[in-house]
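Before any comments, here is the structure.
All residue numbers in this chain count up from 1 along the given sequence.
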Amino acid sequence: MAAAAVGRRLFTLRLPAQHGARGYRAALCMHLAQPLLVQDLPAPQLQPCQVRVRVHYCGLNFADILACQGLYQEKHTPPFTPGMEFSGTVMETGENVSAVKEGHRVIGVSGISAMAEECIVDEKPIESHIQALWQIPDSVSSEDAAVLPVAYGTAWLALQHRAHLQPRETVLVTAGAGATGLAIIDLAVSVFQAKVIAAAGSDPKCQLVLANGASHAVNYSQNSLREQVTALTGGRGVNVAIDAVGGDIFKAALQSLAWEGRIVVMGFAGGKIPSIPANLLLLKNVSAMGVYWGRYQQEDFPLFSSAMSSLLQYCQERKIHPHIGAVFKLEEVNEAFNHVLQRKSTGKVIISMK
C-alpha cells in the first residue's frame, strides 16, 4: 500500500540560499510525492514559551516518508520540513521557559520540523499537555538519544502500558530487525526479563535479532510463522505478540498466542490492514489492542513523559543499547528515504546535521 505508493526513486536537489538574515539549512517538502529540497531558511525570532535547538541528529521514521507523500493520518500542507524526533543542544530560550537552559543537551518531539539544523519547539507547562524537550544525561550520546523517542517510546508503551508484560513471559515481535522491533527486543530482554521470539524477512535480519538479544529468530519469508512459534514454545504459544507488518503475518501472530495472550497492533509495514476474526479472540480469551505513540502526547501526557524519562534513565544505566543502522547527512536526505523504502534499513536510520 504505502510503500508501493512511495517507491519511486528520489533525487537530492538544493535551492539557492536566501540572503540578508542568519539562516540554517532544512529539508523541505515543497510538493507532495516529490523529492525533498535542502534549502537555507532565515531563522525566525523566538516567541515566549519557545526554545531554539541546534539539532545534532534527527530520527527518520516511515511516518516522515508517508507525510511527504500525503499518506500519513496527520496531514501537512507543503511547504513543510519533516522530522518528528531529534537530539540537539539548546541555543536560545524565550520568555517563560524554565525546564531547559542554553547549553543543555536535549531530545525532543516536534511532529514535524526536526529535519533541519535548527528547530523551534514550544516548551509549555505540563497543564497544557504539551512538552517537547527532555534533558539528555551526560553519559548518553546524542546519537543514542535520537533513537529513543519514537522507536523506544513505542516499544515501552506497547510492552509496559498496553501488554503489561511480566517477567519470564514470551514475546513474539514481527519486523524484528526494524528500529522499533529491535527496541522491543532490547526492552523486553534487558528491562522486563522476558524471552523474545523475533520474526524477520531474511536470514541476515534473523542473525541481527539474535545478536541483539532474541532467544529465537523466525524467517517468515521461508517458514510458517505459526508453525515455528508452535514448535519453539512446545505448543503453548506466546504471551504477547507485537505486530508491525499486518496482513497474513498479523493473523499468524494472533493464532500464535497462548491462553489469555495479548496482541498489540503497531503498524502495517506489509501494506495490508488485516481484519480480526473475532472467534480467535474468543477461543483462547485473548486481547487485541493498538498502540499509537504520538497520540499519547495529547491524550495522556504524564504517561508519555514517564516513558521518555524512563528510557533516558535506562540508557544512562546501560540497561538498553539503541541500534543505529545507518547515518546520513542532511544533503543525503532523499537517499535516506530510499534506503528505508527499499527495505535496506535495519535498526534506526538517523540524519546528521553535523
Side-chain angles (χ1 to χ4, degrees), residues 1-4 6-7 57-67 72 84-85 143-144 146-159 162-163 171-190 196-214 216-221 225 240-250 252-253 263-274 290-294 311 320-328 336-351:
M1 183 186 69
V6 293
Y57 298 95
C58 173
L60 173 57
N61 296 281
F62 197 67
D64 297 316
I65 299 174
L66 294 180
Y72 194 52
M84 60 179 62
E85 62 177 340
E143 295 95 324
D144 284 351
V147 180
L148 296 180
V150 178
Y152 275 82
T154 301
W156 188 94
L157 288 166
L159 295 171
R162 302 299 281 148
V171 178
L172 168 66
V173 57
T174 65
T180 307
L182 289 175
I184 287 168
I185 296 170
D186 197 7
L187 282 172
V189 173
S190 303
V196 177
I197 300 172
S202 70
D203 288 340
K205 290 182 177 181
C206 285
Q207 292 300 317
L208 178 65
V209 300
L210 291 172
N212 280 269
H216 301 283
V218 176
N219 183 342
Y220 47 59
S221 70
L225 177 60
V240 173
I242 302 181
D243 177 55
V245 179
D248 293 337
I249 296 299
F250 168 84
I263 189 166
V264 183
V265 178
M266 194 169 65
F268 314 103
K272 183 178 180 181
I273 299 176
V291 61
Y292 177 18
W293 169 81
L311 293 168
I320 58 175
H321 304 86
H323 181 90
I324 298 172
V327 181
F328 290 85
F337 275 37
N338 287 322
H339 187 74
V340 175
L341 286 170
Q342 294 165 8
R343 301 186 182 276
K344 295 179 180 178
S345 60
T346 56
K348 191 71 175 185
V349 175
I350 59 176
I351 308 296

Let's go through Val327 and Val349 carefully: what are the C-alpha distance in whole Å and the side-chain angles of both, what is the deciding distance for side chain to side chain contact (heavy atoms under 4.5 Å, CB included) to 0.1 Å, and is it a yes or a no?
CA-CA 6 Å; Val327 181; Val349 175; over 6 Å; no

Mind checking whether [X] and [Y] have side chains closer than 4.5 Å, heavy atoms only?
| X | Y | value |
| --- | --- | --- |
| Leu159 | Ile184 | yes |
| Pro322 | Leu148 | yes |
| Leu341 | Ile65 | yes |
| Leu225 | Leu172 | yes |

Between Leu208 and His323, is the side chain to side chain contact (heavy atoms under 4.5 Å, CB included) condition met? List the steps.
CA-CA 10 Å; Leu208 178 65; His323 181 90; 3.8 Å; yes

For [X], give me all partners under side-chain hydrogen bond (donor to acceptor under 3.5 Å, both in side chains), at least two apart in sequence or on another chain.
| X | answer |
| --- | --- |
| Tyr57 | Glu143 |
| Asp243 | Thr174 |
| Asp203 | Asn219 |
| Gln207 | none |

If we ignore hydrogens and angles and just use 3.5 Å, is the side chain of [X] paired with the main-chain N or O of [Y] as donor and acceptor?
| X | Y | value |
| --- | --- | --- |
| Ser221 | Gly201 | yes |
| Arg162 | Val264 | no |
| Trp293 | Pro149 | yes |
| Asp64 | Leu60 | no |

From [X] [atom1] over to [Y] [atom2], what is the distance, rounded to the nearest 0.5 angstrom?
| X | Y | atom1 | atom2 | result |
| --- | --- | --- | --- | --- |
| Leu311 | Asp144 | CG | CG | 12.5 Å |
| Leu182 | Tyr152 | CG | OH | 7.5 Å |
| Ser202 | Arg343 | OG | CZ | 11.5 Å |
| Phe337 | Ser345 | CZ | OG | 12.5 Å |
| Phe328 | Asn338 | CZ | CG | 9.0 Å |

Looking only at non-hydrogen atoms, find the nearest pair between [X] and [Y] and report the distance.
| X | Y | result |
| --- | --- | --- |
| Leu187 | Ala155 | CD1-CB, 3.7 Å |
| Val171 | Ala188 | CG2-CB, 4.5 Å |
| Ala214 | Ile185 | N-CG2, 3.6 Å |
| Ala175 | Tyr220 | N-OH, 3.5 Å |
| Val209 | Ala177 | CG1-N, 3.7 Å |
| Gly59 | Lys348 | CA-CE, 3.9 Å |

By side-chain contact (heavy atoms from CB on, under 4.5 Å), which residues pair with His216, not counting sequence neighbours?
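Checked His216 against side-chain contact (heavy atoms from CB on, under 4.5 Å); matches are Lys195, Ile197, Leu232.
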
Val265 and Val291: CA distance, side-chain angles, deciding distance, side chain to side chain contact (heavy atoms under 4.5 Å, CB included) verdict
CA-CA 6 Å; Val265 178; Val291 61; over 6 Å; no

Residues two or more places apart in sequence or in another chain: which of them pass ring-ring contact (aromatic ring centres under 6.0 Å, His included) with Tyr72?
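Applying ring-ring contact (aromatic ring centres under 6.0 Å, His included) to Tyr72 gives none.
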
